[in-house]
Amino acid sequence: MMHQLYPQVFHDYCYELNKDMHIAAAHFIPHQLAGKCAHIHGHTYVVNITVAGDALDETGFLVNFQKLKQLVHGKLDHTLLNDHQNWFDSKNSEHFPTTEIVARKIYEVVQDYLDALPHKPKCLQVFVRETPTSYVVYRPKAGDR
């Protein structure tokens with residue numbers, strides 16, 4: 001069981017949901033400036049997704065926890081992140097699966113799903129911990145939410 005504190009997003013929504021998951025995955029950053037990260041290596045990522053909204057669906061959920069797990073864990077767990085090139089942008093170095101890019105992409109996938117729901121919840125942030133001492137938080141700018 002995870003008991004982790006995450007950076008808080010201040011908002012005016014009635015409901016806030018947080019989904020935690022562990023993702024075991026490997027990656028490498030194919031760039032001369034990546035140092036040791038240019039070599040394939042693995043992590044047990046800790047991911048937290050924060051979703052908020054003012055309305056619940058017909059089942060009483062803001063979002064079904066299992067759907068969030070399916071969208072992210074189901075796609076990335078026990079994989080080589082570099083194999084998911086269709087997940088990452090091809091412009092510049094944004095196709096490298098850095099933790100920053102992984103966090104942003106998780107946000108985009110989750111928000112695309114949420115946009116299709118009639119009650120329109122919003123993904124407020126994605127937290128991705130790569131190691132016990134290193135993590136990334138991705139938040140869309142307030143005007144983009």
Practice problem: Show the numbers, then the answer: is there a side-chain contact (heavy atoms from CB on, under 4.5 Å) between T44 and I23? | Solution: CA-CA 6 Å; T44 300; I23 297 172; over 6 Å; no

Practice problem: Identify whether the distance between the nearest side-chain nitrogen and carboxylate oxygen of E100 and R104 falls below 4.0 Å. | Solution: no

Self-check item: Side chain H27, main chain P97, donor-acceptor under 3.5 Å
Solution: yes

Quiz item: Between D20 and N48, is there a donor-acceptor pair closer than 3.5 Å when you use the side chain of the first and the backbone of the second?
Solution: no

Self-check item: Hphob cluster co-occupancy, F61 + Y13, side-chain heavy atoms under 4.5 angstrom
Solution: no

Quiz item: Which pair of non-hydrogen atoms, one from P30 and one from N82, has the smallest distance, and what is that distance?
Solution: CD-ND2, 4.2 Å

Quiz item: If you measure from CG on D115 to CD on E108, what distance do you get to the nearest 0.5 Å?
Solution: 11.5 Å

Quiz item: Hey, would you say the H73 and H22 ring centroids sit under 6.0 Å apart?
Solution: no

Quiz item: Applying the 4.5 Å side-chain criterion to the ILVMFWY set and letting contacts propagate, would V47 and V136 be lumped into a single cluster?
Solution: no

Quiz item: Does a side-chain heavy-atom distance below 4.5 Å link L114 with V51?
Solution: yes

Exercise. Show your reasoning for whether side-chain contact (heavy atoms from CB on, under 4.5 Å) applies to T98 and I29.
Key: CA-CA 7 Å; T98 63; I29 310 304; 3.8 Å; yes

Quiz item: Run the side-chain contact (heavy atoms from CB on, under 4.5 Å) check on I49 and F127 step by step: do they pass?
Solution: CA-CA 6 Å; I49 301 168; F127 172 99; over 6 Å; no

Practice problem: Rounded to the nearest 0.5 Å, what's the gap from CE on M21 to CG on L68? Could you check? | Solution: 6.0 Å

Exercise. Find the distance between OH (Y138) and SG (C123) and round it off to the nearest 0.5 Å.
Key: 9.5 Å

Quiz prompt | Residue pair A55 / L62: nearest heavy atoms and the distance that separates them | solution = O-CD1, 3.5 Å

Quiz item: Are H41 and H43 close enough that their ring centres sit under 6.0 Å apart?
Solution: yes

Self-check item: V102 vs T99 side-chain heavy atoms within contact, under 4.5 Å
Solution: no

Practice problem: Indicate whether any N or O donor in one side chain lies under 3.5 Å from an N or O acceptor in the other, for T79 and D77. | Solution: no

Quiz item: Which is it for L71 and K75 under the side-chain contact (heavy atoms from CB on, under 4.5 Å) test, yes or no, and what are the steps along the way?
Solution: CA-CA 6 Å; L71 288 169; K75 176 77 172 179; over 6 Å; no

Quiz item: Which value, rounded to the nearest 0.5 Å, describes the distance between L81 atom CG and L76 atom CG?
Solution: 6.0 Å

Practice problem: Treat each ILVMFWY residue as a node, draw an edge where side-chain heavy atoms are under 4.5 Å apart, and state whether Y113 and Y15 are in one component. | Solution: yes

Exercise. May I ask you to test the F28-H39 pair for a side-chain heavy-atom distance under 4.5 Å?
Key: no

Quiz item: Which atom pair, heavy atoms only, marks the closest approach of P7 to R139?
Solution: CB-NH2, 3.4 Å

Quiz item: Do the side chains of V110 and L56 join up, straight or via other hydrophobic residues, at under 4.5 Å, putting them in one cluster?
Solution: yes

Quiz item: Do the side chains of L17 and T50 get nearer than 4.5 Å, heavy atoms only?
Solution: no

Self-check item: Flag side-chain contact, heavy atom, 4.5 Å: V46 against V128
Solution: no

Exercise. Measure the spacing between CD of E130 and OH of Y135 and express it to the nearest 0.5 Å.
Key: 14.0 Å

Self-check item: Residue that, paired with H11, satisfies side chain to side chain contact (heavy atoms under 4.5 Å, CB included) out of E16, Q125, K122
Solution: E16

Quiz item: For the atom pair CG (D54) and CG (D12), what is the distance rounded to the nearest 0.5 Å?
Solution: 8.5 Å

